[in-house]
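Sequential numbering from 1 along the given sequence is applied to the chain's residues.
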Amino acid sequence: RLEVRPRVHLSDTTGRSLMVTMGAFAEDRGGGSIVTSSPGAFPESLVTRHADAGATGRMRLANGLTLAMRVAANAQTRDRRFGGKREHERASTLFGELTTTYIAGAQTLLVGVADQAERYHDAEVPRFDESRSTPAVFLQHTYAASDWFSTQLNGRCDASSSYGTV
């Protein structure tokens, strides 16, 4: 197995920051019966390829007002062999989120939107193929009455293309 995962982080004195990471790995596995020339031979193998990337960013817009974003993506392929059968599958996910936070004294308000898209494809068994998207909106209010006591009210609405609105 070989894996690589570099990261970069940048920030400045104005409250802006950015962190980016990416990674990839390749893995080849083999196994099965020991004597492959025998009538009961059963070879097994799994070849996996994976890549992903992500980033988070933040910037101060005004006194007490901050904008933040997060994005992430991954893709993976797997080729399996079980005896004489082969399976080829692909899966991927893409996620994005944008939030605004406003702080005024003991009050903090966070408002955001997000979306996640997922895909799965199996070349040999297409009835399991799936593609879905889930956009969302959310809100959170925090009131810090003191150093040791705070209250929080939050809500979220997800609209899944597979499961409906929650």
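- Environment of CG in Asn154: crowded, with over 12 heavy atoms of neighbouring residues, nucleotides or ligands closer than 6.0 Å.
- Leu110 and Val137 fall into different hydrophobic clusters, defined by Ile, Leu, Val, Met, Phe, Trp and Tyr side-chain heavy atoms under 4.5 Å apart, directly or through other members.
- Taking all atoms of both residues into account, the shortest heavy-atom contact from Phe128 to Tyr120 is O-CD2, 3.4 Å.
- Annotation: the span from Gln76 atom CD to Thr48 atom OG1 amounts to 6.0 Å, rounded to 0.5 Å.
- In this structure, Glu97 and Phe138 have side chains that are in contact, with non-hydrogen atoms separated by less than 4.5 Å.
- Note: the hydrophobic cluster containing Val113 also contains Leu65 (ILVMFWY, side chain heavy atoms under 4.5 Å, direct or indirect links).
- From Met22, atom CE reaches atom CG of Asp52 across 9.5 Å, with rounding to the nearest 0.5 Å.
- Side-chain N/O atoms of Gln152 and Thr142 include a donor and acceptor closer than 3.5 Å.
- Although no hydrogens or angles enter the test, the distance criterion places no donor-acceptor pair under 3.5 Å between the side chain of Gln116 and the main chain of Pro135.
- Side-chain contact between Ser162 and Glu130 is present, with at least one heavy-atom pair separated by less than 4.5 Å.
- Looking at every heavy atom in both residues, Pro6 comes nearest to Thr21 through O-OG1, 3.1 Å.
- Distance OG1/Thr101 to CZ/Arg58: 6.0 Å, rounded to 0.5 Å.
- More than 12 heavy atoms of other residues, nucleotides or ligands lie within 6.0 Å of CZ in Arg132, so this atom counts as buried by the packing criterion.
- Side-chain polar atoms of Asp12 and Thr14 form a donor-acceptor pair below 3.5 angstrom.
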Just do the side chain to side chain contact (heavy atoms under 4.5 Å, CB included) check on Leu109 and Leu139 with the steps written out, would you?
CA-CA 7 Å; Leu109 180 65; Leu139 171 75; 3.5 Å; yes
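- Applying the ring-ring contact (aromatic ring centres under 6.0 Å, His included) test to residues at least two apart or on different chains, the pairs with a partner in residues 1-32 are Phe25-His50.
- Thr99 has its side chain out of reach of Leu67: every pair of non-hydrogen atoms, C-beta onward, lies at least 4.5 Å apart.
- Contact record, Glu124 with Arg86: CG-O, 3.3 Å, taken as the closest heavy-atom pair.
- With sequence neighbours excluded, no residue forms a ring pair (Phe, Tyr, Trp, His ring centres under 6.0 Å) with His121.
- A salt bridge links Asp28 and Arg49; the closest N-O separation between the charged side-chain nitrogens and carboxylate oxygens is under 4.0 Å.
- Remark: the Ser133 side chain and the Asp115 side chain contain an N/O donor-acceptor pair separated by less than 3.5 Å.
- Considering OG1 of Thr66 and CZ of Arg60, their distance stands at 6.5 Å, rounded to 0.5 Å.
- Here the closest heavy-atom approach between residue Cys157 and residue Thr165 is recorded as SG-CG2, 3.5 Å.
- Leu46 and Phe82 fall into different hydrophobic clusters, where Ile, Leu, Val, Met, Phe, Trp and Tyr are joined by side-chain heavy atoms under 4.5 Å apart, directly or via other members.
- For the atom pair NZ (Lys85) and CD (Glu44), the distance works out to 14.0 Å, reported to the nearest 0.5 Å.
- Ion pairing of Arg80 with Glu89 is present here, as a side-chain N (NZ or NE/NH1/NH2) and a carboxylate O approach within less than 4.0 Å.
- A salt bridge does not link Arg119 with Asp129: none of the charged nitrogens is closer than 4.0 Å to a carboxylate oxygen.
- When all heavy atoms are compared, the tightest approach of Ala73 to Leu94 is CB-CD1, 3.8 Å.
- In the hydrophobic cluster analysis, where Ile, Leu, Val, Met, Phe, Trp and Tyr join through side-chain heavy atoms closer than 4.5 angstrom, Leu98 is grouped together with Tyr102.
- Nearest heavy-atom pair across Ser161 and Ser131 is OG-O, 4.3 Å.
- The existence of a salt bridge linking Asp158 and Arg156 is confirmed by a sub-4.0 Å separation between a basic side-chain nitrogen and an acidic carboxylate oxygen.
- If you chain together hydrophobic residues whose side chains sit under 4.5 Å apart, Met69 and Met19 never meet in one group.
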